[in-house]
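See below for the structure under consideration.
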Amino acid sequence: MIVLFLIGIILPTGFLVSLGVHSIRTETTLLRRQAAERISEASASIQIRAQESIGALLKPYIDYTQNHSSLAAPDIAALKELKRQETASSLILLDPQDQVLFPYLEVPPAGRFALPDLPLAQAARLRAAERTEFQDRDFSVAAQEYETLLATVKNPRWKASLLTRMAGCLSKTSDRDRAEAAYQQILTDFDSELTENGDPYGLTTALQLAEFWQGAGQQAQAAALDLKTLQTLLAGHWSLAWRMEDFYGHHIADRLEKEKQILSGAQRRAADETLDHWRQRQAQVRDIGEFMRTRWVALHAQLASAHRLNVPTLLLSVKNSAVIYCPYVDPRNEERRFSLVAMLPTLPLVEKWQRDLQPLAAASQIDFRIGLPDGTPLASSPQPAAARWAWQRPLENVLPTLMLQMGERRDYPVERAVSQRQKVYLAMVALAAIVILVALYTVWYAVRREMEVAQLKAGFVASISHELKTPLSIISLVGQTLKLKRYQSDEEVEDYYGMLAEETDRLKGLIEEVLDFSRLLENRKPYHRRETDLVTLTQTTLDRCLRSVGPRDVHTTFQSSQTPFLASVDSDAMERVILNLLDNAIKYSPVERTSLAVSLRQDNGDAVLEVKDQGYGIPSDEIGLVFERFYRGRSATEHQKTNGVGLGLSLVRHIVQAHGGVVSVRSQKDVGSTFIVRFPLKEKP
Ligand code: ADP
């Protein structure tokens with residue numbers, strides 16, 4: 001049994017459980033893998049997008065450095081356009097030593113500006129003219145001498161220089177027209193030529209001409225020229241070092257401030273605007289100077305420590321504002337030629353990230369977050385609630401390093417799906433185990449029944465053979481005796497005939513019982529219920545029974561609550577019931593103590609027939625079994641003489657049940673038994 005239990009329950013259940021556990025594991029791994037794949041796929045595209053946004057921000061600056069890498073001087077127009085388009089609040093171009101190249105030139109261009117030596121003859125004539133001007137102070141002769149020399153000189157700087165000297169001398173004579181003409185010629189022909197100090201002639205001459213006009217009382221003309229000169233200076237026309245720009249700017253602005261009273265209308269407004277512009281320019285230079293001394297030093301240190309001085313980088317120093325640093329590195333010698341620094345008042349990235357990345361992340365059921373290394377978030381999914389940030393990568397070209405983190409959204413966790421599936425599997429395993437248990441019990445029960453029936457059948461065959469053998473040997477013996485005439489008297493013959501009849505009857509009864517039973521098994525015996533007097537039926541059956549017992553002393557009582565006692569029954573069948581009960585009561589009582597009490601009463605529309613004996617009684621463990629087919633109790637087998645095949649009571653039960661009734665027994669070992677038959681008086685429709 002234990003082995004059966006082990007094989008039948010533990011093995012399949014264990015198998016099921018391990019199958020369940022295995023499939024849960026596989027399922028979990030699969031779910032996790034799917035989630036991981038989903039995250040890594042989505043993460044890759046989100047990372048690319050986030051990185052692209054940074055790239056897009058840096059691109060115009062990188063483009064500028066690439067496109068202007070070969071220029072000697074910064075392309076100011078392009079820088080101004082870049083600043084305007086990219087809405088940078090400041091744009092600074094630095095040389096490799098971090099000196100400002102734009103928006104102002106911090107360091108004057110290196111080099112000496114001395115004029116080239118003149119050929120000896122011309123040099124001698126120049127010295128002569130200078131003597132005339134400075135020693136003799138004969139300005140008109142000096143002007144004449146300069147003019148003559150001018151015609152022989154080729155070098156444009158010398159030409160501009162001689163023209164300037166000539167104009168200066170003429171302005172001191174009364175020949176003012178020629179003086180002005182000389183100044184104008186310098187302005188038109190030698191605007192960008194440099195003086196010995198490195199100043200452009202266009203600028204110095206404009207100042208001189210304005211002074212000349214002022215001296216001549218032509219105030220308005222002088223003011224207009226100063227205005228124009230300041231505008232030209234501010235437009236960066238001469239690209240002066242800041243020191244010089246500041247010097248000239250200051251000078252002209254001071255003068256213009258006084259002169260602007262003379263100007264009227266549009267010109268005066270233009271003068272105001274230009275002066276404003278000049279003040280802004282000064283402020284701008286101050287601010288950039290301040291930036292370079294303070295914040296730039298920190299940013300530079302940050303770049304250097306991250307080894308990023310040669311890489312375009314977005315620097316996030318203050319929240320929502322940023323600095324773009326974009327160097328141009330000469331690919332041939334890896335040297336930094338210049339770098340562009342742009343200050344962005346706001347960080348357009350944050351908004352762009354929210355706009356671009358949110359739908360991407362939502363579509364893949366994940367949350368994302370971009371934040372500073374200390375965890376401060378810059379952009380993220382709306383209410384990010386990722387169970388854990390399973391995936392994280394740094395974004396490139398940003399300082400300090402930004403972390404892009406991604407994780408499963410909490411409302412779609414693998415864990416919950418897994419635990420749900422686990423529950424389902426466990427329920428299935430439990431159910432399967434229960435089914436196996438029930439099936440096993442059923443099989444076990446059926447096998448046990450089958451074995452019992454087999455045992456009972458074997459017992460039945462043994463007892464029926466015995467039952468048949470006894471009367472047959474008596475008949476055979478009596479037959480022999482009669483045939484060989486071994487009798488002494490006619491009475492003896494009479495007795496033998498009597499025995500023959502008796503044994504034949506017994507055989508007949510036995511066979512009838514078996515036949516009855518087999519018919520009954522096939523449900524072939526229909527019952528014909530008719531109104532019958534149970535008192536008469538019981539009495540005749542009792543009499544018949546007592547007759548068959550022979551000489552044995554049986555004490556009987558029969559009581560009925562009424563006479564006649566009418567009930568609708570199949571009288572033959574009911575007679576068999578009563579006969580069986582009486583027969584058993586006698587069979588299972590000791591010869592010296594055979595006492596039967598039969599009673600009939602009515603109870604609640606039922607007829608109740610009781611047959612009580614004072615016999616061996618039925619042990620309590622047998623009480624539930626005596627009505628079973630082929631069952632023979634211990635009292636039957638212990639007391640050898642009791643004949644029977646174990647069918648009587650099952651026949652009784654069948655007949656009573658067919659009458660819509662029940663049969664029960666009360667019994668106590670060695671005290672006696674009472675069989676109670678109860679059935680309705682009238683057949684139920
Ligand atoms: P049989 O009498 O042929 O053995 P039955 O079906 O009539 O078969 O009875 C079944 C068993 O019930 C008997 O073998 C006996 O052990 C027990 N039995 C029946 N009637 C009585 C009784 N009146 N007293 C004690 N035991 C009884």
Side-chain angles (χ1 to χ4, degrees), residues 452-453 455-471 506-518 520-521 538 541-542 545-546 548-549 552 554-558 573-599 609-658 662-677:
E452 275 174 9
V453 169
Q455 264 174 6
L456 288 174
K457 275 186 181 162
F460 168 73
V461 171
S463 41
I464 198 133
S465 342
H466 175 76
E467 288 300 308
L468 288 171
K469 234 167 98 188
T470 315
R506 222 173 114 179
L507 264 182
K508 209 177 117 201
L510 190 67
I511 287 163
E512 223 156 68
E513 187 167 294
V514 174
L515 285 178
D516 256 8
F517 185 76
S518 74
L520 177 152
L521 276 186
T538 312
T541 315
L542 186 61
C545 176
L546 288 174
S548 72
V549 175
R552 183 169 166 177
V554 179
H555 179 258
T556 59
T557 58
F558 173 44
M574 201 45 77
E575 185 184 333
R576 183 152 289 281
V577 168
I578 300 168
L579 197 63
N580 261 312
L581 293 178
L582 293 173
D583 203 29
N584 279 351
I586 296 167
K587 254 192 332 197
Y588 301 113
S589 295
V591 181
E592 63 284 359
R593 177 163 55 90
T594 313
S595 166
L596 299 186
V598 182
S599 71
L609 169 74
E610 280 190 12
V611 177
K612 185 176 178 185
D613 64 52
Q614 293 172 11
Y616 307 123
I618 307 170
S620 55
D621 58 324
E622 286 182 6
I623 284 188
L625 302 169
V626 291
F627 293 101
E628 295 294 317
R629 288 170 198 171
F630 307 119
Y631 184 79
R632 304 210 69 210
R634 285 200 289 279
S635 49
T637 43
E638 274 166 16
H639 307 279
Q640 291 281 323
K641 62 180 179 39
T642 54
N643 47 28
V645 287
L647 286 177
L649 282 180
S650 75
L651 201 63
V652 167
R653 185 174 65 177
H654 188 273
I655 294 167
V656 174
Q657 280 176 351
V662 285
V663 55
S664 57
V665 59
R666 278 198 308 269
S667 183
Q668 208 182 338
K669 196 155 167 35
D670 296 326
V671 176
S673 319
T674 308
F675 282 84
I676 305 127
V677 174

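Every number for a ligand or one of its atoms is a count from 1 in the order of the listing. Computed over heavy atoms, backbone and side chain alike; hydrogens, waters and symmetry mates excluded. Each residue takes its place number in the sequence, starting with 1.
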Between Asp583 (side chain only) and Leu579 (backbone N and O only), is there a donor and an acceptor less than 3.5 Å apart? no
Give a yes/no on ligand 1: does Asn580 have at least one heavy atom closer than 4.0 angstrom to it? no
Does Tyr616 have a heavy atom less than 4.0 Å from any atom of ligand 1? no
Under 4.0 Å from any heavy atom of Lys587, which atoms of ligand 1 are there? 1 (P), 2 (O), 3 (O)
Please indicate whether any nitrogen or oxygen in Ile618 is less than 3.5 Å from any nitrogen or oxygen in ligand 1. no
Spatial distance of atom CZ (Phe558) from atom CG (Leu582) [nearest 0.5 Å]: 10.0 Å
Selected option - heavy-atom contact closest to atom 12 (O) of ligand 1, from Val626, Asn584, Leu582: Val626
Any ion pair linking Asp613 and Lys587 (charged N to carboxylate O, less than 4.0 Å)? no
Checking contacts here: is it the side chain or the backbone of Phe675 that comes within 4.0 Å of ligand 1, counting heavy atoms only? Could be both or neither. side chain
Check Leu581, Ile618, Val611, Thr674 against Val665 for a side chain to side chain contact (heavy atoms under 4.5 Å, CB included) and give me the one that passes. Ile618
Thr594 side chain vs Pro590 backbone, donor-acceptor pair below 3.5 Å: yes
Sub-4.0 Å heavy-atom approach of Gly615 to ligand 1: no
The atoms of ligand 1 lying under 4.0 Å from a heavy atom of Gly617, numbered in the order shown, are 25 (C)
Without swapping roles, check the side chain of Arg593 against the backbone of Gln614 for a donor-acceptor pair under 3.5 Å. yes
Any heavy-atom pair between the side chains of Ser599 and Leu609 that's under 4.5 Å? no
Is there at least one pair of N or O atoms, one from Glu622 and one from ligand 1, spaced under 3.5 Å apart? no
Residue part near ligand 1, for Asp583, under 4.0 Å between non-hydrogen atoms: neither
Find all atoms of ligand 1 within a distance of less than 4.0 Å from any non-hydrogen atom belonging to Gly648, and give their numbers and elements. 5 (P), 6 (O), 7 (O)
Return yes if a side-chain donor-acceptor contact under 3.5 Å exists between Ser667 and Ser673, otherwise no. yes
Should one rank Leu581, Asp613, Val665, Leu625 by closest heavy-atom distance to atom 22 (C) of ligand 1, which comes out on top? Asp613
Atoms in ligand 1 flagged as close to Ala585, the criterion being non-hydrogen separation under 4.0 Å: 23 (N)
Supply the atom-to-atom distance Ile586 CD1 to Leu546 CG, rounded to the nearest 0.5 angstrom. 5.5 Å
